[in-house]
Amino acid sequence: MGLDVQYVGNDAYVAATVLSLGAKENYKHYVWKTQTDAPYIPQYFAFKEGPVLKAFIERYISQQTILPDIFVVDGQGTAHPRKAGLACWLGVALQKTVIGCAKESLLPYESPSEEAMSYKAIRLEESIVGYMLRSQSNTKPICISAGHLINQEQALAIIQQLIGKYRNPDVMRLADQTARTFAKGILNASEKVIFL
DNA sequence: GCGACAG
DNA sequence: ATCTTGTCGC
């Protein structure tokens, strides 16, 4: 399950895209609107988006019978100055497997080679805290790191499998797109869209 | 003190 | 994240 939130003032429009690795074209979107007054503070993004995603997932779990194996969020996991990004916060709060997939890194990194799927480790205090992944050639790399109940290599491998024709993995791109149209009030109802 | 800083 | 047009490329 890929998750994203769009904010319009204190309104939070949450969207989740659910798909299987074996059949990525059979996705479904789940959307829900809620409120938050938490501010965005760099390095403390988890305290803004974490509670929103936690409430969304608890709601999802209470209504659905089949639950996702892995959650992917738009933010950092351990690739964070204190190794404690949004993906860690959410994973610990729910005791679920979460991966962080961000478009920018908070930590310095060396650029992966230009070829698609090449990657470079992000290190902090001697240890690997994530990977910069060149999801497409000639495109800025994305930042992948483990959040909870998964290791860095597995997190990287899962995201690599979710990459399609675009820079961001399909679950993230679709969730982002859905949250956007939902927030703008132009989300088309269909059998693929479920309002929670 | 000033700037930089996931979204 | 958001403010914003056309434009280049697959």
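Numbered from 1 within each chain, the chains take letters A, B, ... in sequence-line order. Computed from a predicted structure; not experimentally measured.
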With sugar-phosphate meaning primed atoms plus P, OP1 and OP2, does Q43(A) contact a base, only sugar-phosphate, or nothing at under 4.0 Å between heavy atoms?
-> base
Hey, does F47(A) reach any base, or is it just sugar-phosphate, or nothing, if we go heavy atoms under 4.0 Å?
-> nothing
What nucleic acid atoms does K165(A) come within less than 4.0 Å of, heavy atoms only: base, sugar-phosphate, or nothing?
-> nothing
What is the distance from CD of Q76(A) to P of dA6(B), rounded to the nearest Å?
-> 8 Å
Please check if atom NZ in K184(A) has more than 12 non-hydrogen atoms from other residues, nucleotides or ligands closer than 6.0 Å.
-> no
Taking CD1 from I159(A) and P from dA6(B), how many angstroms apart are they, rounded to a whole number?
-> 19 Å
Whole-Å distance separating the CD1 atom of I41(A) from the P atom of dA1(C) = 18 Å
So does Y40(A) get a side-chain nitrogen or oxygen closer than 4.0 Å to the phosphate oxygens (OP1/OP2) of dA6(B)?
-> yes
For the residue pair Y40(A) and E49(A), confirm or rule out a side-chain donor-acceptor distance under 3.5 Å.
-> no
May I have the distance from R167(A) (atom CZ) to dA6(B) (atom C1'), rounded to whole angstrom?
-> 12 Å
Check the side chains of T78(A) and Q152(A) for a donor-acceptor pair under 3.5 angstrom, ignoring hydrogens and angles.
-> yes
Should we say atom CD of Q35(A) is surrounded by more than 12 heavy atoms from elsewhere, each under 6.0 Å from it?
-> yes
Just how far, in rounded Å, is P of dA6(B) from CD1 of I144(A)?
-> 16 Å
Winner on side-chain proximity to K103(A), out of dA6(B), dG7(B), dT2(C), is dG7(B)
Could you give the CD-to-P distance, from E104(A) to dA4(B), as a whole number of Å?
-> 15 Å
For A79(A), answer base if it contacts any base atom (sugar-phosphate contacts may also be present), sugar-phosphate if it contacts only those atoms, and nothing otherwise; contact means non-hydrogen atoms under 4.0 Å.
-> nothing
Please state how far atom CD in Q6(A) lies from atom C1' in dA1(C), giving the value in whole angstrom units.
-> 7 Å
Side-chain (R134(A)) to main-chain (T139(A)) donor-acceptor, under 3.5 angstrom | yes
Atom CG of L124(A) to atom C1' of dA6(B): distance rounded to whole Å?
-> 15 Å
